[in-house]
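Worksheet: one structure, shown below.
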Protein chains: 2
Amino acid sequence: MCQHCDYAQILEAANLNLTTNRLKILEIIGNNRSPLSAKEIYDTLSRNKDINRVTVYRILDLLVKKGIINRLTSGERTFHYGMAPNKNHPAHPHFYCKHCGAIECLNPEALHIEMESLKKTYPGVIENVEIRVDGICKNCLKKSRQ
Amino acid sequence: MCQHCDYAQILEAANLNLTTNRLKILEIIGNNRSPLSAKEIYDTLSRNKDINRVTVYRILDLLVKKGIINRLTSGERTFHYGMAPNKNHPAHPHFYCKHCGAIECLNPEALHIEMESLKKTYPGVIENVEIRVDGICKNCLKKSRQ
DNA sequence: TTTAGTATTGCAACTTTATTGCATTTCTTT
DNA sequence: AAAGAAATGCAATAAAGTTGCAATACTAAA
Ligand SMILES: [Mn+2]
Ligand SMILES: [Mn+2]
Ligand SMILES: [Zn+2]
Ligand SMILES: [Zn+2]
């Protein structure tokens, strides 16, 4: 649950009309403690409101294009969406559990990475870095030991 | 082109029967300068030999399970396969071009990361870290400037 | 307020990538 | 040579996301 983000203002700042769907989706993503799949977002939204899954995909694409949210890869074939790094959400690596599929946000300091030298030497343009740690999460480890 | 790997020996060491398909696929992956998609591997193989694409997927799964190759995520929905880190192939980050979809291997030293402290403090098991840098590659940049 | 234009959404069909079940073939070992 | 195990092929299926187009909702001018 993020106390600091004014989601309506974020949409406005990106020159996007403020629609209920956009705001809801952004809130769902921003208030969740780990990145969500399109299906998870759709299911959450569907509990209260009738919405088409294509609309969800389209809004997600739009928010990604505007740099408001990030599209992250899991170890599976589904994308997950989380807030793009901003004042309230520092960039951070993620952990993907191969066993249960859960994705968790790691501490921003967990794996500090020095980008500056690469940014200077790389002959193209670097826009984003994604760090994903794979393995077995605490919960699955506990279960497997019982 | 990797001069150092004895692919037959790698398969043998993993207790896998040496089949033509396994060896060919491992050679294709090991000798390529960047990770390949299942389709690219299948197409390469198909040029010389009649093979079913399901067989390709199954061999890729097997080699991943044995830790011989790695399954990498691109910025798209396709997995790519490259040699797992070993004596001849140090772990390294990859660059994904959002424009042309190309994936290139970055220098192992390009983004050195300190894993030890996370490995010690993380309550689960860490098996693998994937670092993907996204942006626009040199070629696409050049084209867009013309 | 009407109306025209634009933006958003819904729906059905489609695409891509990968997986599954089961039959067939090939290999290994005795 | 025969039996059993391993590998492969083929057709069907699944999952996730995309596309085209029609319908609805919103916005702003007349
Ligand atoms: Mn996160
Ligand atoms: Mn590589
Ligand atoms: Zn888990
Ligand atoms: Zn490119």
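In what follows, chains are A, B, ... by sequence order, proteins preceding strands, each numbered from 1.
In terms of position along DNA chain C, the nucleotide closest to Asn52(A) lies nearer the 5' end than the nucleotide closest to the other residue of the pair Asn52(A) and Arg71(B). If His80(B) and Thr55(A) are placed on DNA chain C by their nearest nucleotide, the residue sitting closer to the 5' end is Thr55(A).
Counting to the nearest Å, the C1' atom of dA16(D) and the CD atom of Glu76(A) are 12 Å from each other. Rounding to whole angstrom units, CG of residue Leu16(A) and C1' of dT6(C) are separated by 15 Å. In this structure, Leu62(B) atom CG and dT8(D) atom P are separated by 10 Å, rounded to whole Å. Atom pair Lys65(A):NZ and dT18(D):C1' shows a separation of 15 Å (rounding to whole Å applied). Rounding to whole angstrom units, NZ of residue Lys66(B) and P of dA6(D) are separated by 12 Å. If you measure from atom CD of Glu40(B) to atom P of dA18(C), you get 11 Å, rounded to the nearest angstrom. Nucleotide dT8(C) holds its P atom 12 Å from the CG atom of Asn15(A), rounded to whole Å. Distance CG (Leu18(B)) to P (dA7(D)): 11 Å, rounded to an integer number of Å.
Arg71(A) contributes no side-chain N or O that, together with a main-chain N or O of Phe79(A), makes up a donor-acceptor pair within less than 3.5 Å.
Under the 3.5 Å distance criterion, with hydrogens and angles disregarded, no donor-acceptor pair is assigned to the side chains of Tyr96(B) and Glu104(B).
When distances run from any side-chain atom of Arg53(B) to the nucleotides dG17(D), dT19(D), dA12(D), the shortest one goes to dA12(D). You'll find that the side chain of Arg77(A) is closest to dA18(C), out of dT19(C), dT9(C), dA18(C). Among the nucleotides dT19(D), dT17(C), dA7(D), the one closest to any side-chain atom of Asn17(B) is dA7(D). Side-chain proximity of Arg22(A) to the nucleotides dT8(D), dT8(C), dA16(D) is greatest for dT8(C). Among dT18(D), dT8(C), dA18(C), the nucleotide with an atom closest to any side-chain atom of Thr19(A) is dT8(C). Listed candidates were dT19(D), dT8(D), dC10(D). Nearest to the side chain of Val54(A) is dT19(D). Taking the side chain of Phe79(B) as heavy atoms from C-beta on, and the options dA18(C), dG9(D), dG10(C), the nearest nucleotide is dA18(C). Distances from the side chain of Thr78(B) to the nucleotides dA12(C), dG9(D), dA18(C) place dA18(C) closest.
For Tyr57(B), a side-chain nitrogen or oxygen approaches OP1 or OP2 of dA18(C) to under 4.0 Å.
For residues 113-146 of chain B, the ring pair (Phe, Tyr, Trp, His ring centres under 6.0 Å) pairs, not counting sequence neighbours, are Phe95(A)-Tyr122(B).
Counting heavy atoms of neighbouring residues, nucleotides and ligands inside a 6.0 Å radius, atom CD of Glu12(B) does not exceed 12 of them.
Between the side chain of Arg58(A) and the base of dG17(D), no donor-acceptor pair of N or O atoms lies under 3.5 Å.
Of all non-hydrogen atoms in Gly124(B) and Leu141(A), the two that sit nearest each other are CA-CD2, 3.9 Å.
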